[in-house]
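This report refers to the structure that appears directly beneath it.
Model, not experiment: these values are computed from the prediction. Sequence lines set the chain letters: A, B, ... in the order given, protein chains first and strands last, and positions in each chain run from 1.
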Amino acid sequence: MLDHEYTTKKVFRENFFKDWRKEMTRQERLVITDLEKCDFRELHAFHKDKVEARKALSKEEKQDQKDANQKIVDKYGYCLLDSHRERIGNFKLEPPGLFRGRGEHPKQGMLKKRIQPEDVIINCSKEATPPAPPAGHHWKEVRHDNTVTWLASWTENVQGSIKYIMLNANSKLKGEKDWEKYEVARKLKSCVDSIRDGYLRDLKSKQMVARQRAVALYFIDKLALRAGNEKEEGETADTVGCCSLRVEHITLHDELDGSECVVEFDFLGKDSIRYYNKVPVIKKVFKNIKLFMESKDPGDELFDRLNTALLNKHLSSLMPDLTAKVFRTYNASITLQQQLRQLTNKSDNVAEKLLSYNRANRAVAILCNHQRAPPKTFEQSMANLHSKIVARKEQLALAKTELKLAKKEMKTKDGPDSKLMVDRKAAAVKRCEDQLLKMELQATDREENKQIALGTSKLNYLDPRISVAWCKNMDVPIEKIYNKTQREKFAWAIDMTEADFEF
DNA sequence: TTGTAGACTTGGAAAAATATTG
DNA sequence: CAATATTTTTCCAAGTCTACAA
């Protein structure tokens, strides 16, 4: 923790010291008055040594550790739901530590306290025997609420929010909800045209609310922006979504880079990830935004008459279960389907098809603004890959000359042995070519993926049935696109999807 | 009608596990 | 086999949205 950048931040240090002092004895409080004078290096080294010691364990000792951990998972990692044994997602409660938060969080550095049994609510069926609290302790409460899915909960002290113990993504319960989510998004597909007509019409409405709602919807639909709930000031980092956009977050250009009516977005979204985009919009939208911005300060809300509740209420009147985030799911999934159709050829080999799949996935990640910090080892790993490619090219050249030589020999000698030799050399050339192609595709993929995070869209936005159907159509094994965990999570889709599935 | 607690999904970083390489 | 690179898992914060109370 000491070597992390956030320990140098003023807010972090102040919050930490304030909370630390609360934990001190009177004596300690008298002595420890200035964080600048505190030297934590010994403590830091102690923890580092511990990590090192664990790394240095022998093979057997590591196996013992692993077995012991597995026993804990076997014992505590499962629950019984409707008499089915289901894996729990997070069966360990969160240990104490210093709250970090993301971006410029006003509470960073605060002490996250240890959870006591007295803080924990257990939720189980009436018939079940609740787990016994640790000796000498009691639970905060044992309740039997079958309208919620959580098994245990506690209130976290930094934000005052409730934390839950819930089921793993591969559980029947989560799988069904996932399926429902995508079915709602598919329903949107069938009425999205009329909804689009509707908000385009509303751009000219007499009512300001309707106009603002229309422009917000235009953004949400076209740019896959999040809804943007209002947040309590000073409690969290200053981030926004669509409805909470402020005047300072957009710049209008009547003309930019050869396009007319360009809106330039620059704001911090969820997790303080920057959203930067220059988008040509239709004239009516552009004029409306100009109107909304009139006589406002940079810090004022762009959509001053609108909030997410209002927006979602309107959406639910257009289609049952329709909310702002359904547009993200719908646009993500439909984009994947379109891109896969556009980019993949049945005649490509598997490596080429996988590059196309990743590119389609990437198009979605870009739409949803899923970014990552470039891996620290990116340049190095790229260089390694390129040198491997060079080496393989040399090997290929060598294999080719050997093949030529063998062919020549076959002409002069013409025996079964020399024929065999030619076949063998030809196979070597083929193998080499395949490997080279695969590496080159891998290099392209990695380069394009430098700052893009594919995981979130793959896990949360892309209807897995699109991918399963694609695999079937393209003769790509499902293991090539989903690892074991992902296959478990998407088991419902893998089981039920035929090659002709259409989102 | 509005505000808020509560429940659940979404999100990237970091740690841990595993695969690859020298 | 150890060191290193890559993939998978864990972690927990931060969103969305609903239900319910005032």
Assess whether a salt bridge exists between A:D82 and A:K172, defined as any Lys/Arg side-chain N lying under 4.0 Å from an Asp/Glu carboxylate O. no
Integer-rounded Å distance: B:dA17 C1' and A:Q63 CD: 12 Å
Just checking A:A237: base, sugar-phosphate only, or nothing, at a heavy-atom cut-off of under 4.0 Å? nothing
Can you tell me which nucleotide in C:dC12, B:dG12, B:dG11 comes closest to the side chain of A:A453? B:dG12
Gap between atoms CD and P, on A:E60 and C:dC1 respectively (whole Å): 10 Å
Which is true for A:A309 with a 4.0 Å heavy-atom rule: it touches a base, it touches only sugar-phosphate, or it touches nothing? nothing
Expressed as a whole number of angstroms, how long is the span from A:R305:CZ to B:dT2:P? 13 Å
Looking only at atom types and distance, does a side-chain atom of A:K112 sit under 3.5 Å from a main-chain N or O of A:V158, one as donor and one as acceptor? no
Atom CD1 of A:I273 and atom P of B:dT10: how far apart are they, to the nearest Å? 17 Å
Starting at OH of A:Y182 and ending at C1' of B:dT10, how long is that distance when rounded to a whole Å? 11 Å
Sugar-phosphate, base or nothing in reach of A:K484, heavy atoms under 4.0 Å: nothing
Select one nucleotide: of C:dA13, C:dT9, C:dG15, the one nearest the side-chain heavy atoms of A:F99. C:dA13
What contact category does A:G241 fall into here, base, sugar-phosphate, or nothing, at under 4.0 angstrom with non-hydrogen atoms? nothing
With a 4.0 Å cut-off on heavy atoms, is A:E156 in touch with a base, just the backbone sugar-phosphate, or nothing at all? nothing
When all nucleic acid strands are considered with a 4.0 Å heavy-atom cut-off, which category describes A:N229: base, sugar-phosphate, or nothing? base
Salt-bridged, A:R143 to A:D145, with N to O below 4.0 Å? no
By the 4.0 Å heavy-atom rule, please label A:K177 as base, sugar-phosphate, or nothing. sugar-phosphate
If you assign each of A:N168 and A:L98 to its closest nucleotide in DNA chain C, which residue comes earlier from the 5' end? A:N168
Within the pair A:R226 and B:dG11, is there a side-chain N or O less than 4.0 Å away from OP1 or OP2? yes
Once you apply a heavy-atom cut-off of 4.0 Å, does A:K388 come out as touching a base, just sugar-phosphate, or nothing? sugar-phosphate
Using the side-chain heavy atoms of A:T456, tell me which of these nucleotides is nearest: C:dA14, C:dA5, B:dT10. B:dT10
Please confirm whether A:F12 and A:H105 have ring centers closer than 6.0 angstrom. no
Presence of A:T323 side-chain N/O under 4.0 Å of C:dC17 phosphate oxygens OP1/OP2: yes
Side chain of A:M166 only, please: which of C:dT16, C:dC12, B:dC8 is the nearest? B:dC8
Rounded to whole Å, please give me the gap between CG in A:L315 and C1' in C:dT18. 15 Å
Which part of the nucleic acid does A:T239 contact within heavy-atom distance under 4.0 Å: base, sugar-phosphate only, or nothing? sugar-phosphate
Contact class for A:T149 (heavy atom, under 4.0 Å): base, sugar-phosphate, or nothing? sugar-phosphate
If you only use heavy atoms from C-beta on, which nucleotide in C:dC17, B:dA14, B:dA13 is closest to the side chain of A:R372? B:dA13
Students often get this wrong, so: under 4.0 angstrom with heavy atoms, is A:K107 touching a base, only sugar-phosphate, or nothing? nothing
For A:D463, is there any backbone N or O sitting under 3.5 Å from a side-chain donor or acceptor partner on A:S333? yes
With the side chain defined as heavy atoms from C-beta on, A:K181 is closest, among C:dC17, B:dG11, B:dT9, to B:dT9
Picking from B:dC8, C:dA13, B:dG11, the nucleotide nearest the side-chain atoms of A:K174 would be B:dC8
Side chain of A:R54 only, heavy atoms from C-beta on: which candidate in B:dG11, B:dA7, B:dA16 is closest? B:dA16
Classify the side chain of A:R102 versus the base of C:dA13 as yes if they form a donor-acceptor pair under 3.5 Å and no if they do not. yes
Tell me whether the side-chain N/O atoms of A:Y164 come closer than 4.0 Å to OP1 or OP2 in B:dT9. no
Nucleotide nearest A:W150 when distance is taken to its side chain, options B:dA7, C:dC12, B:dG12: B:dA7
Contacts of A:R87 and A:T377 projected onto DNA chain C by closest heavy atom; the upstream (5') one is A:T377
Nearest-neighbour nucleotide for the A:V148 side chain, B:dC8, B:dG12, B:dA13 considered: B:dC8
What is the distance, rounded to the nearest whole Å, between atom CD of A:Q451 and atom P of B:dA13? 11 Å
Inspect the contact between A:E104 and A:K9 and indicate whether a charged nitrogen and a carboxylate oxygen are less than 4.0 angstrom apart. yes
Can you tell me whether the side chain of A:K325 and the base of B:dT10 have a donor-acceptor pair closer than 3.5 Å? no
Show the numbers, then the answer: is there a side chain to side chain donor-acceptor pair (under 3.5 Å) between A:R392 and A:Q435? CA-CA 8 Å; A:R392 185 69 69 185; A:Q435 284 168 342; 2.9 Å; yes
Taking A:N349 for its side chain and A:A351 for its backbone only, find out whether a donor-acceptor pair lies under 3.5 Å. yes
